[in-house]
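What follows is a short report on a single structure.
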Amino acid sequence: MPTLNITLRGMHCERCVDTIKASLVDLDGVVKCLVSLGLVDITYDEDAIRTGEILAAIRAAGPFEIDGFRKSD
Amino acid sequence: MTCGSCVARVEQALRSVDGIVDARVNLITETATIVSSEDSAQRAALIQAVRRAGYDATALRPGDRVSGRLDRNQENRLREQRQALVQALGLAVPVVALHWLGPTIQAGAAGGHVWPIAIQTLLSLLLLCSSAGAPILAGGLRAVIHRSPNMDLLISVGVTVAFVAGAAGLVTGHQDAAHFHALAMILTMINLGRYFEIRARRDAASAVAALARRLPRTAQRVTVDGLEEVPVDQIAAGDRIRVPPDKVVPVDGTVSEGEAACDESAVTGESVPCHRRVGDAVLAGSIVRDGLITIQATRVGGQSTLGRIIRAVEEAQSGKTPMQRIADRVAGVFVPIVIVLALGTFVVTLAATELGSAVAISRAVAVLVIACPCAMGLATPTAVLVAGGTAALKGILVRDAAALETAAKVNCVLFDKTGTLTTGTPVVREVFDEPIGPVTHDARQVIQLAASAEQYSQHPFAQAIVAKARESQIPLSDPSSFESRPGLGVSAELDGRTVRVGSAMYLRACGVDLAAVEGRMQRLLGDGQSVVLLAVDDVCAGLIGVTDTIRPDASRAVDALADLGISMAMITGDHTRTAVAVAGSVGITEVHAEMTPEAKLAEVRRRKDAGQTVAFVGDGINDAPALAAADVGITFSSGTDVAAGAADITICHDDLTRIADAIVLARKSLRIIKQNLFWAFFYNIIAVPLAATGQVPPYLAAGAMMISSLSVVLNSLRLRDRRQTRRENR
């Protein structure tokens, strides 16, 4: 199962961490999710959810912008 | 309130309440806007203060402006005035009849000379006490008590003198019914004139009423039991409202069910109906077409976009211009001067002629009655009111009367580029592919690669490219990695290949050789386009030219302003080439590019110092200093944040040609204000001597005075749009 390492812009504080965590944890196909200021490491099931949907969920959670991501298997 | 000095008194009274920072009173709509430094509502104290000043007040409820309660108040006043007029006529006709028939009756009656006079005395007394006379007398009394002389005082003195002189005939035996005749006619004329004046004022304020009338009175609220019909001013935020096709949305809200095309032209001027789905916002005043939606109310009554537009328009109509302040001051000393002149007329007529006391009194009364201070006080406010209303119906919000006056003098307009002359949203214009050895990507592939790499970037160019892909129905691939360098570009891994999209600087820094595409790049740049480059595995694979779209109405707007004799220039922070290209296609010949905000400010100041009256058109965020420094700051505003700005003129409709419309209206307003003031002043200069020398009998004097003040209001109505009047009379 692949892991997505994402760097974000726009996170100010712990509340942002919680917000993003909350928006990701319940998504179908997300297996593991580690969020810290500016970084999200998420392990997911490729058949259940696509990269784009994860990134869209993060963007929808608040004024966060994707600085970069790397997918590793 | 009848005139400027009444307004001043009420404003003074309101400001004297603790914690009040500012109070502005609008004579025509009879409303006051209060700015308070305290959180708690001081309604009771404010109403008290107004009552103590001799007037009455009620607090407006939040939905009132929009619900038309103010309209209904005006209708009530009109009805009351009509009743007063009827009473005046009813009592005046016998008085006048007796006056004309008097000699015949006296000749015929045997020794009963007194009774015609007695009846006239009685009728005149009734007149004075009726609703035809009492309000005027009360006003005069208030003027004396509060030492603020006004028109009511003049009339009161006039009719009182006439009454006393006539009644004295009962006692002294000198019977001259002319005084009662004068009194009756004066009161009738005044009431007739007031009736027409209230009607004219209602027409003057009608634009705001027209805005408010766009909303329905009732709406369908969704409850657990089904639908209930509720008055619109009882809708609360959070309520679910069902809006069927061809009905007007009553409050601002978000769509919770259904979808429809909404015609927002009444509120934002957007001529093409916008498709609204679940989650989208809809505005009060828009009309639902082709569909049925249920919305959850977000902003109701005065808080909705339409409500805030109405409030902004009304606030604008209650400011004072320097010219008006002078007129008010003149009006202030005017009344005492007239009283002195009337006294002088009486004395001189008595002393210098043999015409007798009756004539002397008659002339003095004529002087009191013919003088019209109100016209001066009404000259500017009425014009500002009508102009403000006409402007609002066109989607032009003028901040206050002073802004209107300054706008009329504008002879130079400076335009910001991005977001003002252009839409601010870049669009892909040209796509070039670059053959890389044996591998050729065509234009579609260039877009596919670029868009796939850029899809997670927020940069406007990235979004333009993604939009192009969507528009051309090109499916995007998922990158396995992505890195964005703000301001420079992005790099992504797509299907094992490294794809880079960005500026020439970025690609060069990544080691991409751009020699082969130099020529094409320069050509695009010369065309005013911004160049986005695509590299696959660090070899340049394509170029994408992106430009900002020029607003379709921009060149028409520039032409319209040029026709007005206004010089124009563009000032922008963007690159020279792009700026020049845009200016050329729009018709502006003077361009200042690559300007910092400080430089823009300096340019505005430089022109002002050179003696020009400068208008600056820009968006509020980036151009705040320049907007504030300009004589007239003009911004465009999208539906929801309308009326929030501090710009002198805010244009709600997405239409640059309204700038010219605003200036034309402002110039016309200034002309009409000058006409009003001129007429108001010179009428008195001519009329008072005529009355003093006996050329004008008292009853005609009253008529002349009412015509004078009425003509100021009617002249101001000329500022209305012809289409507007037709629409309202429907």
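Just so it is clear: chains get the letters A, B, ... in the order the sequence lines come, proteins before strands, and each one is counted from 1. Everything numeric in this text was worked out from a predicted model, so none of it was measured.
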Between A:I66 and chain B, with a heavy-atom cut-off of 4.5 Å, which part of the residue counts as in contact: side chain, backbone, both or neither?
both
Please indicate whether B:R429 has more than 12 foreign heavy atoms, meaning atoms of other residues, nucleotides or ligands, lying under 6.0 Å from its CZ.
yes
Only pairs under 3.5 Å count here: list side-chain donor-acceptor contacts from residues 15-30 of chain A, not counting sequence neighbours, and write none if there are none.
unit_1: A:T19; atom_1: OG1; unit_2: A:R15; atom_2: O; d: 2.7
unit_1: A:K21; atom_1: NZ; unit_2: A:C33; atom_2: O; d: 3.3
unit_1: A:S23; atom_1: OG; unit_2: A:I20; atom_2: O; d: 2.8

Can you confirm whether B:R485 is buried at CZ, in the sense that more than 12 heavy atoms of other residues, nucleotides or ligands lie under 6.0 Å from that atom?
no
Summary of ring-ring contact (aromatic ring centres under 6.0 Å, His included) pairs that have at least one residue in residues 51-73 of chain A, sequence neighbours excluded:
A:F69-B:Y456, A:F69-B:F482
Go through the steps to decide whether A:R9 and B:S484 satisfy the test side chain to side chain contact (heavy atoms under 4.5 Å, CB included), and finish with yes or no.
CA-CA 11 Å; A:R9 239 182 304 145; B:S484 110; 3.7 Å; yes
Could you go through the side chain to side chain contact (heavy atoms under 4.5 Å, CB included) check for A:D67 and B:E483 one step at a time?
CA-CA 6 Å; A:D67 242 356; B:E483 196 197 332; over 6 Å; no
If we only count heavy atoms from C-beta on, is the A:K71 to B:P479 side-chain gap below 4.5 Å?
no
